[in-house]
2 protein chains.
Amino acid sequence: MWEDRRQHIDPRRIAHLWAQVAADLRTEISTGRLDDGQRLPAEPDLASIYGVSRATIRRALGVLIDEGLLSRLTGRGTFVTPAADRPQRHD
Amino acid sequence: MWEDRRQHIDPRRIAHLWAQVAADLRTEISTGRLDDGQRLPAEPDLASIYGVSRATIRRALGVLIDEGLLSRLTGRGTFVTPAADRPQRHD
DNA sequence: GATGATTTGTGCGTATGTATC
DNA sequence: CGATACATACGCACAAATCAT
């Protein structure tokens with residue numbers, strides 16, 4: 001992971017770029033390819049990894065934070081929320 | 001060097017600011033005006049020297065680090081990679 | 001060893017320009 | 001024409017590593 005994820009993103013698809021990034025990260029987390037508590041690359045790094053802007057990355061991360069999958073700590077980074085700490089979603 | 005480099009940067013040029021900063025530093029290094037192992041000014045200082053933001057400086061430095069011309073050490077500074085330690089780039 | 005200053009690492013929020021719908 | 005979305009750029013605050021005192 002974190003080499004080059006541009007192949008997972010297709011600007012011509014109908015789905016928005018931020019939704020495609022969010023979906024890709026969500027899969028990596030739920031399948032366990034991203035470990036609990038693991039720190040993600042910095043937002044500018046994620047932007048170049050996915051070939052999108054930082055604004056798009058922030059929107060994608062925001063979605064996963066709302067879902068409880070990620071936690072953001074100012075000055076430290078964005079981390080995979082440990083499964084035990086994740087709230088159950090009931091909407 | 002390190003007095004005032006704003007004259008080397010022109011916001012109206014088509015080239016991006018980070019690319020102009022990177023180009024200027026690359027010239028200073030390859031011409032030997034910056035010695036091997038020499039420490040650059042801190043990022044906030046470079047920002048005021050070039051008249052751009054620290055984010056722009058960091059992007060420019062990142063380019064030169066990718067090219068193997070600079071090395072960054074947390075808490076210490078950014079240094080000119082000795083020519084002997086520089087990987088040969090030809091792509 | 002403790003403290004404070006320095007420097008890089010990261011995230012937060014915003015503004016502007018451009019392209020597209 | 002207005003609304004939406006992305007890229008560049010700005011300034012700021014806080015965290016962590018390092019170094020001098």
Side-chain angles (χ1 to χ4, degrees), chain A residues 1-2 4-25 34 37-81, chain B residues 1-2 4-25 34 37-81:
Chain A
M1 191 107 201
W2 306 146
D4 180 352
R5 288 251 136 196
R6 286 174 300 179
Q7 51 190 349
H8 294 76
I9 306 299
D10 182 358
R12 294 162 306 187
R13 285 242 313 280
I14 316 98
H16 293 149
L17 292 183
W18 56 265
Q20 295 182 43
V21 173
D24 185 62
L25 286 173
L34 288 179
Q38 179 173 339
R39 215 207 75 204
L40 271 54
E43 292 175 349
D45 293 338
L46 284 173
S48 66
I49 287 170
Y50 278 99
V52 299
S53 73
R54 182 183 155 222
T56 300
I57 291 296
R58 279 188 61 79
R59 184 157 181 180
L61 295 181
V63 170
L64 301 183
I65 288 165
D66 285 346
E67 296 176 1
L69 295 178
L70 295 178
S71 308
R72 240 188 317 213
L73 299 179
T74 301
R76 304 224 292 125
T78 305
F79 300 80
V80 178
T81 305
Chain B
M1 192 112 202
W2 306 147
D4 180 353
R5 289 250 137 196
R6 285 174 299 178
Q7 50 189 344
H8 294 76
I9 307 298
D10 182 357
R12 294 161 307 187
R13 287 243 309 283
I14 316 97
H16 292 144
L17 294 184
W18 56 265
Q20 295 183 44
V21 173
D24 185 63
L25 286 173
L34 288 180
Q38 179 173 340
R39 214 207 84 204
L40 271 54
E43 292 173 351
D45 293 336
L46 284 173
S48 65
I49 287 169
Y50 279 99
V52 300
S53 73
R54 185 183 163 210
T56 299
I57 291 294
R58 281 186 62 79
R59 183 156 182 178
L61 295 181
V63 169
L64 301 183
I65 288 166
D66 285 346
E67 296 176 0
L69 295 178
L70 295 178
S71 307
R72 214 156 21 183
L73 298 179
T74 302
R76 305 225 291 125
T78 305
F79 302 81
V80 178
T81 304

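Just so you know, these numbers come straight off a predicted model, no measurement behind them. The figures that follow rest on heavy atoms only: side chains count, while hydrogens, waters and symmetry mates do not. Chain naming here is simple, since letters A, B, ... match the order of the sequence lines and numbering starts at 1 in each.
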Task: Residue A/His16, side-chain atoms from C-beta onward, closest of C/dG9, D/dA5, D/dA9 - done: D/dA5
Task: Separation of atom CD in B/Gln20 from atom C1' in D/dT8, rounded to whole Å - done: 13 Å
Open item on the list: Looking only at the side chain of B/Arg54 (C-beta and beyond, no hydrogens), which of the listed nucleotides D/dC10, D/dA7, C/dT8 gets closest?
Closed with: C/dT8
Task: Between P of D/dA5 and CD1 of A/Ile9, the distance in whole Å - done: 16 Å
Task: Among D/dC6, C/dG11, D/dA17, the nucleotide that comes nearest once only the side chain of A/Pro44 is considered - done: C/dG11
Task: Non-hydrogen side-chain atoms of B/Val80 and B/Leu70 separated by less than 4.5 Å - done: yes
TODO: Output the single nucleotide from D/dG11, C/dG11, C/dG9 whose closest atom is nearest the side chain of B/Thr74.
DONE: C/dG9
Open item on the list: Rounded to whole Å, how long is the line connecting atom CZ of B/Arg59 with atom P of C/dT10?
Closed with: 16 Å
Task: Minimum-distance nucleotide (side-chain atoms of B/Arg58 versus C/dT7, C/dG11, C/dT8) - done: C/dT8
Open item on the list: I'd like to know if the side chain of B/Glu43 and the backbone of B/Arg58 have a donor-acceptor N/O pair within less than 3.5 Å.
Closed with: no
Task: 5′-ward residue of the pair A/Val52/B/Ser53 relative to DNA chain D - done: A/Val52
Open item on the list: Given C/dT8, C/dT7, D/dC10, identify the nucleotide with an atom nearest to the side chain of B/Glu43.
Closed with: C/dT8
- [ ] Round to the nearest Å and state the distance from A/Ile57 atom CD1 to D/dA5 atom C1'.
- [x] 14 Å
Task: Nearest-0.5 Å distance, OG1 of residue A/Thr78 to CG of residue A/Leu73 - done: 8.0 Å
Task: Spacing between A/Arg76 atom CZ and D/dA16 atom P, to the nearest angstrom - done: 5 Å
Open item on the list: If you define the side chain from C-beta out and look only at heavy atoms, does anything of A/Tyr50 sit under 4.5 Å from A/Asp24?
Closed with: yes
Task: 4.5 Å side-chain heavy-atom contact, A/Ile57 and A/Ile49 - done: no
Task: Nearest-angstrom distance from the residue atom CD1 of B/Ile65 to C1' of C/dT8 - done: 10 Å
- [ ] Mind calculating the distance between CZ (B/Arg13) and P (C/dG17) to the nearest angstrom?
- [x] 19 Å
TODO: Could you check which of D/dC10, D/dA9, C/dG11 has an atom nearest any side-chain atom of A/Ala42?
DONE: C/dG11
- [ ] Write down the distance between CZ (A/Phe79) and C1' (D/dA15), rounded to a whole number of angstrom.
- [x] 10 Å
- [ ] Just compare D/dA9, D/dT18, D/dA7 and give me whichever is closest to any side-chain atom of A/Thr56.
- [x] D/dA7
TODO: Check whether the side chain of A/Arg72 and the base of C/dG13 form a donor-acceptor pair under 3.5 Å.
DONE: no
